[in-house]
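Here the structure comes first, spelled out in structure tokens, and everything after it is commentary.
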2 protein chains.
Amino acid sequence: MTIPRPTVRRLSLYLREAESLLASGTRTVSSGELSLLLALTGAQVRRDLGHLGVRGRPGIGYRITPLIDRLRTALGVDRSRNVVIVGAGRIGRALIAYPRFGARGFRIVAVFDTDPKVIGRRLDAHIVYGLDDLESVIEKEDVEMGIIAVPEAVAESVATRLVDAGVGGLLNFAPCRLDVDAEVVDVDLSGSLEELAWAIAGRVDE
Amino acid sequence: MTIPRPTVRRLSLYLREAESLLASGTRTVSSGELSLLLALTGAQVRRDLGHLGVRGRPGIGYRITPLIDRLRTALGVDRSRNVVIVGAGRIGRALIAYPRFGARGFRIVAVFDTDPKVIGRRLDAHIVYGLDDLESVIEKEDVEMGIIAVPEAVAESVATRLVDAGVGGLLNFAPCRLDVDAEVVDVDLSGSLEELAWAIAGRVDE
DNA sequence: TAGTGTGAAGTCTTTCACAGCA
DNA sequence: TGCTGTGAAAGACTTCACACTA
């Protein structure tokens with residue numbers, strides 16, 4: 001039972017919405033309600049939740065607590081995971097204390113940089129390590145994921161070192177492809193703005 | 001001739017790669033070469049470029065200079081566009097001087113915040129404005145796009161003000177849906193990390 | 001009655017495979 | 001010969017529509 005990638009991306013939205021509904025005292029939600037909140041169709045919501053094996057009750061909808069539990073296990077955020085950030089530049093520093101990471105069980109256990117002026121400095125709760133310590137920290141802290149927030153020029157070499165040290169997943173902010181033997185999710189900031197420029201330019205050929 | 005959304009997302013990659021090839025002195029590139037560089041298939045590259053009306057030469061490939069020109073006009077980055085950032089927190093500050101925005105013609109013309117301790121302060125080349133100035137600056141500077149880097153609680157009200165003031169496109173970093181009459185591209189940082197967690201958890205139901 | 005679960009249909013995207021061309 | 005451009009096939013995802021049910 002494999003879940004389509006577009007569904008996976010939506011699971012995150014369902015989880016966020018379900019938690020918010022639970023916080024507001026709601027116990028149960030229908031596919032129609034969720035579809036309005038998230039700008040989807042009811043059929044899509046039912047299909048997506050069906051992929052997870054979540055069953056709703058006709059006439060009622062889905063019970064929120066089991067829904068949240070199932071979403072968490074499906075996304076793999078039902079337990080804590082250790083994460084390192086490589087690159088203590090602007091993007092790296094913005095992510096160090098990003099509260100939503102902590103709320104999903106992603107624990108930033110170390111931050112690395114190559115700049116001697118930054119190494120050893122305290123950023124939020126973290127002392128910045130030199131890149132030399134990468135492998136030892138990853139092993140000691142049982143790191144599962146890495147965030148690449150370094151310049152393009154060194155992104156692939158950093159990625160390779162992370163993967164060789166045992167990291168299985170990379171969140172890549174560098175504007176290039178990472179050719180490594182690990183799962184990679186790219187966050188393409190400029191690409192997203194270009195997609196937006198295309199959309200407002202009228203979506204058509206001039 | 002409308003371009004599929006998945007193709008649009010790749011156009012940005014082709015543009016990046018083509019510029020890099022041009023810089024290294026290459027004049028011509030085949031679909032096979034591009035597909036290797038970007039981890040796509042040759043057929044996909046040819047189909048994508050075909051959507052743009054770009055023609056290659058059998059036996060040779062695509063001429064890089066016209067390819068770049070065509071990609072730029074298709075993406076709507078063939079001219080400069082004025083952009084504002086709302087929210088001078090960690091994410092907003094990381095984006096103020098993000099060099100790839102400038103390289104694509106996105107000009108950050110103003111940064112806004114509500115925090116009196118930040119308003120009036122200089123961040124890179126920008127003085128932070130109070131939110132009160134939002135509408136006047138947008139009008140004066142002919143702003144086409146806005147970047148939402150504020151907390152979820154105020155994201156939608158900020159978005160509505162931007163759109164009412166005439167901004168046609170929003171890049172949204174807040175973890176919520178923006179229900180506004182404008183093009184919106186979401187950058188879901190936590191969602192991306194959750195997608196990665198799902199991927200390394202084995203992509204299957206336990 | 002209000003809402004689920006799901007075959008079947010529809011739509012969108014990718015890939016195949018190959019004629020045609022410089 | 002090496003590579004394009006593209007019908008046709010395949011595959012992936014979404015939507016329809018409705019029997020079913022608590």
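FYI, side chains are in, hydrogens and waters are out, and symmetry mates aren't considered; it's all heavy atoms of this structure. In this text, all values refer to a predicted model and were calculated from it rather than measured experimentally.
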Notebook entry, point to check: Between dT15(D), dG5(D), dT4(C), which one does the side chain of Y62(B) approach most closely?
Noted result: dG5(D)

Item checked: Protein-nucleotide distance (E33(B), atom CD; dC3(D), atom C1'), rounded to Å -> 10 Å

Notebook entry, point to check: Could you state the CZ-C1' distance from R46(A) to dT15(D), rounded to the nearest angstrom?
Noted result: 10 Å

Check: Under the ring-ring contact (aromatic ring centres under 6.0 Å, His included) test, which residues partner F112(A), sequence neighbours left out?
Finding: Y129(A)

Notebook entry, point to check: Side chains of I91(B) and Y98(A): closer than 4.5 Å at any heavy-atom pair?
Noted result: yes

Next item on the list: Let me see the working for D78(A) and R70(A) under salt bridge (Lys or Arg N to Asp or Glu O under 4.0 Å), right down to the final yes or no.
Entry: CA-CA 9 Å; D78(A) 51 338; R70(A) 189 63 195 85; over 6 Å; no

Note to self: List the residues meeting salt bridge (charged side-chain N to carboxylate O under 4.0 Å, His left out) with D186(A), not counting sequence neighbours, and say none if there are none.
What the structure shows: none

Check: Hey, which of V154(A), V184(A), L178(A) is the one that makes side chain to side chain contact (heavy atoms under 4.5 Å, CB included) with I148(A)?
Finding: L178(A)

Notebook entry, point to check: Are R177(B) and E17(A) within salt-bridge range, i.e. N to O under 4.0 Å?
Noted result: no

Notebook entry, point to check: What is the minimum heavy-atom distance between W198(A) and I3(B), and which atoms define it?
Noted result: CZ2-O, 3.7 Å

Item checked: Verdict with reasoning, R100(B) to D188(A), per salt bridge (Lys or Arg N to Asp or Glu O under 4.0 Å) -> CA-CA 10 Å; R100(B) 304 251 156 200; D188(A) 185 352; over 6 Å; no

Notebook entry, point to check: Starting at CZ of R47(B) and ending at C1' of dC16(C), how long is that distance when rounded to a whole Å?
Noted result: 10 Å

Produce the list of close N/O pairs, under 3.5 Å, pairing protein atoms with atoms of nucleotides 19-22 of chain D; give distances to one decimal.
residue, atom, partner, partner atom, Å
dA22(D), O3', R57(A), NH2, 3.0

Notebook entry, point to check: Do T160(A) and E156(A) meet the criterion of a side-chain donor-acceptor pair at a distance under 3.5 Å?
Noted result: no

Note to self: For DNA chain C, which residues of residues 7-21 of chain B approach it to below 4.0 angstrom with any heavy atom?
What the structure shows: R10(B)

Checklist line | Degree of bending, the helix from dT1(C)-dA22(D) to dA22(C)-dT1(D) (end axes from five pairs; round to 10°) | finding: 20°

Check: Which nucleotide in the list dC18(C), dT4(C), dT15(D) gets nearest to the side chain of S31(A)?
Finding: dT4(C)

Item checked: Residue whose closest nucleotide on DNA chain C lies nearer the 5' end, S30(A) versus D48(B) -> S30(A)

Checklist line | Pairwise 5' ranking along DNA chain D for G32(B) and A43(A), keeping only the more 5' one | finding: G32(B)

Margin query: Tell me the interatomic distance from L49(B), atom CG, to dT14(C), atom C1', rounded to whole angstroms.
Written below: 15 Å

Next item on the list: Send over the distance from H51(B) NE2 to dG5(D) C1', rounded to a whole Å.
Entry: 12 Å

Next item on the list: Name all pairs fulfilling the salt bridge (charged side-chain N to carboxylate O under 4.0 Å, His left out) condition that reach into residues 30-48 of chain B, sequence neighbours left out, sorted by first residue then second.
Entry: R10(B)-D48(B)

Note to self: If I take atom CG in residue L34(A) and atom C1' in nucleotide dG5(C), what distance separates them, rounded to the nearest angstrom?
What the structure shows: 16 Å

Next item on the list: Could you please name the option among dT13(C), dC18(C), dT14(D) that lies closest to any side-chain atom of Q44(A)?
Entry: dT14(D)

Note to self: Check E19(B) with R72(B), please: is the shortest side-chain N to carboxylate O separation under 4.0 Å?
What the structure shows: yes

Next item on the list: Would you kindly check whether a donor in the side chain of R55(A) faces an acceptor in the base of dT4(C), or vice versa, at under 3.5 angstrom?
Entry: no

Item checked: Side chain R81(B), main chain G76(B), donor-acceptor under 3.5 Å -> yes

